[in-house]
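Structure first, then comments.
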Amino acid sequence: MVEVRYFAAIAEAVGKHSEELPLPAGATVADLRGALAAAYGAELDAMLGACAYLVGDELTRDRATVLTPTVDVLPPFAGG
């Protein structure tokens, strides 16, 4: 199981701030994106493409990154 935490626009799109997904050991960011697209639709996958993923202590956009037990999905933030 992987705990996925959502922030900002992604949290709004999925309607929650976190959930646990039954992903196997060795699953990657690409696997996570596939599971989320299957659950929430292709429109979410387009949003996920612009996101960064905090996997352990590493902020990444690399789809080959192996997941840790908790992953944060971080959309681009606007500042001002």
Side-chain angles (χ1 to χ4, degrees):
M1 293 296 275
V2 174
E3 179 186 12
V4 184
R5 299 186 299 191
Y6 306 108
F7 295 86
I10 295 297
E12 290 178 27
V14 300
K16 58 186 89 171
H17 292 282
S18 68
E19 68 181 314
E20 289 193 355
L21 297 176
L23 294 168
T28 64
V29 169
D31 297 323
L32 173 61
R33 285 185 58 184
L36 293 174
Y40 297 105
E43 184 174 304
L44 184 71
D45 189 54
M47 292 175 67
L48 293 169
C51 289
Y53 300 84
L54 184 61
V55 180
D57 293 331
E58 179 184 357
L59 187 63
T60 186
R61 287 187 169 86
D62 183 354
R63 294 173 54 103
T65 301
V66 175
L67 302 177
T68 56
T70 302
V71 176
D72 293 344
V73 181
L74 307 167
F77 292 95

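Residues passing the salt bridge (Lys or Arg N to Asp or Glu O under 4.0 Å) test with Asp72, sequence neighbours excluded: Arg5.
Shown here for Pro75 and Cys51, the closest heavy-atom pair between the two residues is CA-SG, 3.6 Å. Scanning both residues, Ala37 and Asp45, for their nearest heavy atoms gives CB-CB, 3.8 Å. Taking all atoms of both residues into account, the shortest heavy-atom contact from Met1 to Pro22 is SD-CA, 3.4 Å.
Using a distance-only test at 3.5 Å, with no hydrogens or angles considered, a donor-acceptor pair links the side chain of Asp31 to the main chain of Thr28.
Distance check, rounded to the nearest 0.5 Å: CG of Leu59 to CG of Leu74 gives 6.5 Å.
As a member of the Ile/Leu/Val/Met/Phe/Trp/Tyr network built from side-chain separations under 4.5 Å, Ile10 groups with Val2, Val4, Tyr6, Val14, Leu21, Leu23, Val29, Leu32, Leu36, Tyr40, Leu44, Met47, Leu48, Tyr53, Val55, Leu67, Val71, Val73.
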